[in-house]
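To start, the structure itself, in structure tokens.
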Amino acid sequence: MPELPEVETVRVALEPVISGQTIESVRLTRENLRWPLPEHLDKRLLGQCCSVPKRRSKYILIDLSNEETLLIHLGMSGAIRLYDQKPNFAKHDHFSVEFTSGQWVVFSDPRRFGHLDLFASDATCKHPLLSGLGVEPLSDEFTDSVLASLMKGRTTPIKSALLDQRLIAGLGNIYVSEALFRAGISPRRKAGTIAGQRARRLTEAIKVVLREAINAGGTSLRNHIQPGGEIGYFVQDLRVYGQAGQPCVDCGQGIKQIIQSGRSSFYCSSCQR
DNA sequence: AACAAGACCTGCATGC
DNA sequence: TGCATGCAGGTCTTGT
């Protein structure tokens, strides 16, 4: 499911529910998701007070009162749902937390590509899943000159480079296609040719697409719903993703679908060069 | 070093 | 209706 806007939507929804709240009970129905879960995860969370949830790339980070940090990654199919009382649990509700307020936070993930981890808070920046991540695309550090220098010399297609989390952290398959369309850049273009005006257009397009998607509550295709049950309305604003064969909104020519690095890319070969 | 492919999983749409 | 196939929002690991 989730790229940066969907994860940010989840973080925002969690904030009022868990910030300053104490964990009353934990329901854990598996010992592993993508990888084995931390030992005694459930017991270690009991009685902990949660701080304001943070986001790094597609990871949600929650600092706890015992100086440990809970990391949540939603993988492809993960979702978080909120309830005002104990819910009826479904098949893939692997991890649920009850707060002393009576509210429940439920993590479900049919494909189990997601992950949970718990580690000392002061080791967060050294965590193997976090330490190699690239620049946050919505931060002030992400500028056109930074983008150009990240791409310089790379022969891989720009589509593949934008998906590389070591370069820019948080983009996924939907928003890469959407940003490249808005920037008028072909997903097949060599990454190393992104500089100057193209870098300016692409940097701006990435920021605009991500911000618009966050404001719309993300994109709902299959699994993603906002934690309160609402869908993400950015699905209505997709201009190329999933639109193969449909007319381009700018020129009317059919949107093309190609496979790059094993993943679908959608683009208009007339508007994107 | 850089890049592509394979692997991990389940669910769903499609076609026979 | 049942079954096989292919595809899906991610990313670590392996192979070229």
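The structure presented is a predicted model; accordingly, all values stated were derived computationally and were not measured. Basis for what follows: all heavy atoms, side chains included, without hydrogens, waters or symmetry-related copies. Chain letters run A, B, ... following the sequence lines, proteins first, then strands; residues in each count from 1.
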With [X] via salt bridge (charged side-chain N to carboxylate O under 4.0 Å, His left out) - residues at least two apart:
X        : answer
A/Arg263 : none
A/Asp93  : none
A/Arg189 : none

Between protein and nucleotides 13-16 of chain C, what N or O pairs are separated by less than 3.5 Å?
none

Hey, does the side chain of [X] reach the backbone of [Y] with a donor-acceptor pair shorter than 3.5 angstrom?
X        : Y        : result
A/Asp42  : A/Leu28  : no
A/Glu24  : A/Phe99  : no
A/His127 : A/Cys125 : no

[X] has an atom [atom1]; how far is it from atom [atom2] of [N], in whole Å?
X        : N      : atom1 : atom2 : result
A/Asp164 : B/dA4  : CG    : P     : 11 Å
A/Leu167 : B/dC3  : CG    : C1'   : 12 Å
A/Arg263 : C/dA8  : CZ    : P     : 8 Å
A/Arg166 : B/dA1  : CZ    : C1'   : 10 Å
A/Leu74  : B/dT10 : CG    : P     : 18 Å
A/Gln165 : C/dC12 : CD    : P     : 8 Å
A/Ile174 : C/dT11 : CD1   : P     : 13 Å
A/Asp109 : B/dC9  : CG    : C1'   : 9 Å

Are A/Gln48 and A/Ser65 close enough that a side-chain donor and a side-chain acceptor fall under 3.5 Å?
->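 Yes, A/Ser65 and A/Gln48 have a side-chain donor paired with an acceptor closer than 3.5 Å.
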
Separation between the P atoms of B/dC9 and C/dT14, rounded to whole Å =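 My reading of the P atoms in B/dC9 and C/dT14 gives 15 Å.
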
Nearest-angstrom distance, P atom, C/dT11 to B/dA1 =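 The same atom, P, in both gives a distance of 23 Å.
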
Classify the nucleic acid contact of [X] as base, sugar-phosphate or nothing, counting any heavy atom under 4.0 Å across all strands shown.
X        : answer
A/Leu163 : nothing
A/Tyr59  : sugar-phosphate
A/Tyr241 : sugar-phosphate

Residues 157-166 of chain A side chain polar contacts: donor-acceptor under 3.5 Å, at least two apart:
| residue | atom | partner | partner atom | Å |
| --- | --- | --- | --- | --- |
| A/Lys159 | NZ | A/Asn173 | OD1 | 2.9 |
| A/Lys159 | NZ | A/Ser264 | O | 3.0 |
| A/Lys159 | NZ | A/Ser265 | OG | 2.6 |
| A/Ser160 | OG | A/Ser261 | OG | 3.0 |
| A/Asp164 | OD1 | A/Arg166 | N | 2.9 |
| A/Asp164 | OD1 | A/Arg166 | NE | 3.0 |
| A/Asp164 | OD2 | A/Arg166 | NH2 | 2.9 |
| A/Gln165 | OE1 | A/Ser57 | OG | 3.4 |
| A/Gln165 | OE1 | A/Gly170 | N | 2.8 |
| A/Gln165 | NE2 | A/Leu163 | O | 3.0 |
| A/Gln165 | NE2 | A/Leu171 | O | 2.9 |

What residue pairs, at least two apart or across chains, pass ring-ring contact (aromatic ring centres under 6.0 Å, His included) with a residue in residues 48-75 of chain A?
->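 Matches after skipping sequence neighbours: A/Tyr59-A/His73.
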
Could you check whether the rings of A/Phe234 and A/Tyr175 sit parallel, tilted or perpendicular, using 30° and 60° as the cut-offs?
->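 It falls in the tilted class, 30° to 60°.
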
Under 3.5 Å, which protein N or O atoms sit close to an N or O of nucleotides 12-14 of chain B? Give each pair with its distance.
none

Quick one: pull up CZ in A/Phe107 and CZ in A/Phe95 and give me the separation to the nearest 0.5 Å.
->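 Rounded to the nearest 0.5 Å, the CZ-CZ separation comes out at 9.0 Å.
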
Taking only side-chain nitrogens and oxygens of [X], does any of them come within less than 4.0 Å of OP1 or OP2 of [N]?
X        : N      : answer
A/Ser264 : C/dC7  : no
A/Lys91  : B/dT10 : no
A/His92  : B/dG11 : yes

Please answer whether B/dC9 and A/Phe113 are stacked, defined here as ring centres separated by less than 5.5 Å and planes angled under 30°.
->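 Stacking between A/Phe113 and B/dC9: absent.
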
Below 3.5 Å, can you tabulate the donor-acceptor pairs from side chains in residues 206-217 of chain A to any protein atom, sequence neighbours excluded?
| residue | atom | partner | partner atom | Å |
| --- | --- | --- | --- | --- |
| A/Lys207 | NZ | A/Pro137 | O | 3.2 |
| A/Lys207 | NZ | A/Ser139 | O | 2.9 |
| A/Lys207 | NZ | A/Phe142 | O | 3.0 |
| A/Glu212 | OE1 | A/Arg182 | NH1 | 2.9 |
| A/Asn215 | ND2 | A/Arg211 | O | 3.3 |

Write out all pairs satisfying salt bridge (charged side-chain N to carboxylate O under 4.0 Å, His left out) with one or both partners inside residues 67-84 of chain A, taking only residues at least two apart or from two chains.
->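 Only A/Arg44-A/Glu68 qualify under salt bridge (charged side-chain N to carboxylate O under 4.0 Å, His left out).
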
Where the side chain of [X] is defined as all heavy atoms beyond and including C-beta, which of [options] is the nearest nucleotide?
X        : options               : answer
A/Arg112 : C/dT11, B/dT10, C/dA8 : B/dT10
A/Thr156 : C/dA8, C/dG10, B/dA4  : B/dA4
A/Leu129 : B/dA4, C/dT11, C/dC12 : C/dC12
A/Glu3   : C/dG10, B/dA4, B/dG11 : C/dG10
A/Asn173 : B/dC3, C/dA8, C/dG10  : C/dG10
A/Pro2   : C/dG10, C/dA8, B/dA4  : C/dG10
A/Pro110 : C/dG10, B/dC9, B/dG11 : B/dG11

Is the base of C/dT11 touched by the side chain of A/Arg34 through a donor-acceptor pair closer than 3.5 angstrom?
->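 Answer is yes: a donor-acceptor pair is held.
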
Do A/Arg111 and B/dC9 share a donor-acceptor pair, side chain to base, under 3.5 Å?
->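 It does, because a donor-acceptor pair links the side chain of A/Arg111 to the base of B/dC9 below 3.5 Å.
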
Under a 4.0 Å heavy-atom cut-off, which of residues 144-155 of chain A touch DNA chain B?
->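 By residue number: A/Arg154, A/Thr155.
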
Salt-bridge criterion met for A/Asp250 and A/Arg239 (N-O under 4.0 Å) |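 Between A/Arg239 and A/Asp250 there is no salt bridge, as every charged N stays at least 4.0 Å from the carboxylate O atoms.
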
Does the distance from a Lys or Arg side-chain N to an Asp or Glu carboxylate O, for A/Glu15 and A/Arg11, drop under 4.0 Å?
->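 Looking at A/Glu15 and A/Arg11, the cut-off is met.
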
May I have all residue pairs that pass side chain to side chain donor-acceptor pair (under 3.5 Å) and include part of residues 144-154 of chain A, sequence neighbours excluded?
->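 As it turns out, the side chain to side chain donor-acceptor pair (under 3.5 Å) pairs with a partner in residues 144-154 of chain A, which skip direct neighbours, are A/Thr143-A/Ser145.
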
Sort by first number and list every stem of DNA chain B: at least 3 consecutive Watson-Crick or G-U wobble pairs, both distances under 3.5 Å.
->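 Stems found: B:2-8 with C:10-16, B:10-16 with C:2-8.
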
